[in-house]
Amino acid sequence: MADAAIEKKRVTEFQHNKFVLASLVSKDFKLKYRRSFLGIVWSVLNPLLMMIVLAAVFSYMFRFNIENFPLYLILGQIMFDFMNRSTNSAMSSIIDAQSLIKKIRIEKMIFPMEKVMFELLNTAISMIAAVLVMAYFQVLPSVHAIWGLPLLIIFITMFSFGLSLLISALSVFFRDVMHLWGVLLTAWTYATPIFYPVDMLADWMMAIMQFNPMYHYLTFFRDIMMWNTCPSIQEILICFGMALVTFVVGFIVFRKTEHKFILYI
């Protein structure tokens with residue numbers, strides 16, 4: 001009887017958390033597109049417009065010799081922006097939810113999770129822009145995209161969620177993290193081959209690049225979507241390993257500190 005009661009309680013808590021998560025995602029969607037004439041269409045237009053601007057700059061001013069450069073650019077941009085926006089919005093999620101946390105007992109991990117889920121949904125919509133660019137250049141995704149794309153989404157989501165847990169917990173105790181993270185993201189953007197070819201880097205820079213998780217996720221994405229290449233087992237294991245380590249570290253830090261959140265928010 002006791003086991004049945006515990007199991008029932010867990011199911012109830014899961015259903016409650018699921019409802020709260022869905023409600024928060026819905027609320028963020030309504031807030032983001034409120035009073036916007038085009039609404040959700042901006043999730044497609046934003047990466048397209050940014051691609052056009054960057055492609056014009058880097059194609060004609062710097063003259064990078066990359067086949068189907070706008071496609072190369074938008075794929076990297078969509079993947080990096082998912083991590084960027086997820087962590088940026090999740091960073092203050094606990095602090096922003098202080099009124100709820102102080103009033104009711106709620107699973108605190110829901111708040112950074114909701115930000116990641118919201119951005120994942122936005123990214124899925126943004127993929128329409130990538131499909132349009134692929135159609136324009138008559139590029140078909142590799143057959144490996146059938147299994148590779150879902151796998152990559154799991155990896156990048158796990159990685160982004162782990163980072164979100166880590167910085168959302170740290171920012172409760174050290175508000176300087178909120179200012180420092182923006183600087184780190186800017187440096188990370190330029191340290192990742194989003195708009196330049198990786199083969200232009202010196203050997204020592206290429207060696208350092210191997211420790212950049214976003215380099216591996218972007219390479220994986222481009223391999224299956226535009227280069228018709230199957231990522232190697234080693235590359236898949238690297239992507240998984242970086243995602244797993246980041247998630248575990250973020251989860252442990254969050255769980256170890258969440259009981260003190262109410263004292264600092």
Side-chain angles (χ1 to χ4, degrees), residues 1-36 39-40 42-43 81-126 153-154 156-185 243-244 246-265:
M1 292 292 290
D3 290 343
I6 293 172
E7 186 63 27
K8 184 178 180 181
K9 183 180 178 181
R10 286 176 179 171
V11 171
T12 303
E13 287 180 354
F14 174 78
Q15 291 174 339
H16 173 70
N17 291 336
K18 183 179 177 182
F19 172 76
V20 172
L21 184 62
S23 299
L24 289 173
V25 171
S26 176
K27 184 198 75 172
D28 273 4
F29 252 99
K30 291 175 183 176
L31 288 175
K32 180 169 183 175
Y33 298 113
R34 184 174 56 183
R35 294 176 186 159
S36 171
I40 202 170
W42 280 112
S43 291
D81 280 355
F82 168 60
M83 183 279 295
N84 188 337
R85 292 195 305 262
S86 295
T87 54
N88 251 326
S89 55
M91 180 170 50
S92 60
S93 59
I94 300 298
I95 298 169
D96 293 342
Q98 57 181 296
S99 57
L100 269 178
I101 293 173
K102 288 179 179 179
K103 288 178 181 177
I104 61 174
R105 186 175 180 179
I106 190 169
E107 173 58 66
K108 300 175 184 65
M109 198 174 287
I110 283 178
F111 299 106
M113 182 187 293
E114 182 272 327
K115 299 301 182 183
V116 177
M117 292 299 102
F118 172 70
E119 292 303 339
L120 180 61
L121 193 55
N122 257 328
T123 300
I125 299 169
S126 298
I153 290 170
I154 292 172
I156 189 67
T157 302
M158 188 188 301
F159 176 76
S160 299
F161 185 38
L163 268 183
S164 297
L165 289 175
L166 178 62
I167 63 175
S168 64
L170 292 178
S171 63
V172 171
F173 306 101
F174 310 103
R175 302 299 166 92
D176 294 335
V177 171
M178 301 176 74
H179 301 284
L180 181 61
W181 187 245
V183 177
L184 290 176
L185 278 176
L244 182 62
T246 305
F247 174 75
V248 170
V249 170
F251 184 85
I252 291 173
V253 170
F254 195 93
R255 283 302 191 205
K256 291 277 187 183
T257 58
E258 63 178 339
H259 65 284
K260 297 180 182 178
F261 287 171
I262 197 168
L263 302 175
Y264 290 86
I265 56 178

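Everything quoted here is computed from the prediction, not taken from an experiment. Excluded from the calculations below are hydrogen atoms, water molecules and symmetry mates; all remaining heavy atoms, backbone and side chain alike, are included.
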Chemist: Which is it for F111 and D96 under the side-chain contact (heavy atoms from CB on, under 4.5 Å) test, yes or no, and what are the steps along the way?
Modeler: CA-CA 9 Å; F111 299 106; D96 293 342; over 6 Å; no

Chemist: Minimum heavy-atom separation for I167 and M91, please, with both atom names.
Modeler: CD1-CB, 3.9 Å

Chemist: To the nearest 0.5 angstrom, please state how far the OG1 atom of T87 sits from the CG atom of L185.
Modeler: 5.0 Å

Chemist: Assess the residue pair V20 and E107 against the criterion (side-chain contact (heavy atoms from CB on, under 4.5 Å)); give the C-alpha distance rounded to whole Å, side-chain angles, the decisive distance to 0.1 Å, and a yes or no.
Modeler: CA-CA 10 Å; V20 172; E107 173 58 66; over 6 Å; no

Chemist: Report yes if the side chains of V172 and I265 come closer than 4.5 Å at any heavy-atom pair, otherwise no.
Modeler: yes

Chemist: Just how far is it from atom CD1 of I95 to atom CD1 of I101, taken to the nearest 0.5 Å?
Modeler: 9.5 Å

Chemist: Yes or no on side-chain contact (heavy atoms from CB on, under 4.5 Å) for I153 and L120, after CA distance, side-chain angles and deciding distance?
Modeler: CA-CA 9 Å; I153 290 170; L120 180 61; 4.0 Å; yes

Chemist: Using atom types as modelled and distance alone, determine if a side-chain donor or acceptor of S168 lies under 3.5 Å from a backbone N or O of I94.
Modeler: no

Chemist: State the OG-CG distance between S86 and D81, to the nearest 0.5 angstrom.
Modeler: 10.0 Å

Chemist: To the closest 0.5 Å, what do you measure between CD (E119) and OG1 (T123)?
Modeler: 6.5 Å

Chemist: Go through the structure and list residues passing ring pair (Phe, Tyr, Trp, His ring centres under 6.0 Å) with F118, not counting sequence neighbours.
Modeler: F29

Chemist: What are the two closest heavy atoms between V116 and S164, and how far apart are they?
Modeler: CG2-OG, 3.5 Å

Chemist: Evaluate the side-chain proximity of N17 to M109: yes if any heavy-atom separation is below 4.5 Å, no if none is.
Modeler: no

Chemist: Surrounding CZ of F174 (heavy atoms of other residues, nucleotides or ligands, distance under 6.0 Å), is the total greater than 12?
Modeler: no

Chemist: Using side-chain contact (heavy atoms from CB on, under 4.5 Å), reason through M158 and T246 one step at a time and then give a plain yes or no.
Modeler: CA-CA 8 Å; M158 188 188 301; T246 305; over 6 Å; no

Chemist: List the atom of S92, the atom of M178, and the distance in Å for their closest heavy-atom pair.
Modeler: CB-CE, 3.5 Å

Chemist: Can you name the nearest heavy-atom pair linking F159 to M83, along with the distance?
Modeler: CE2-CG, 4.1 Å

Chemist: Please verify the inter-ring angle class for F254 with F261; under 30° counts as parallel, over 60° as perpendicular, anything in between as tilted.
Modeler: perpendicular

Chemist: Are the side chain of S23 and the backbone of F19 linked by a donor-acceptor contact shorter than 3.5 Å?
Modeler: yes

Chemist: What are the two closest heavy atoms between K115 and S89, and how far apart are they?
Modeler: CB-OG, 3.5 Å

Chemist: Closest heavy-atom contact between A169 and T257?
Modeler: CB-OG1, 3.7 Å

Chemist: Answer yes or no: does atom NZ of K256 have more than 12 heavy-atom neighbours from other residues, nucleotides or ligands under 6.0 Å?
Modeler: no

Chemist: How long is the span from the OG atom in S126 to the CG atom in L121, to the nearest 0.5 Å?
Modeler: 9.5 Å

Chemist: Would you call the rings of Y264 and F173 parallel, tilted or perpendicular, taking 30° and 60° as the class edges?
Modeler: perpendicular

Chemist: Between E114 and K108 (salt bridge meaning N to carboxylate O under 4.0 Å), is one present in this structure?
Modeler: no

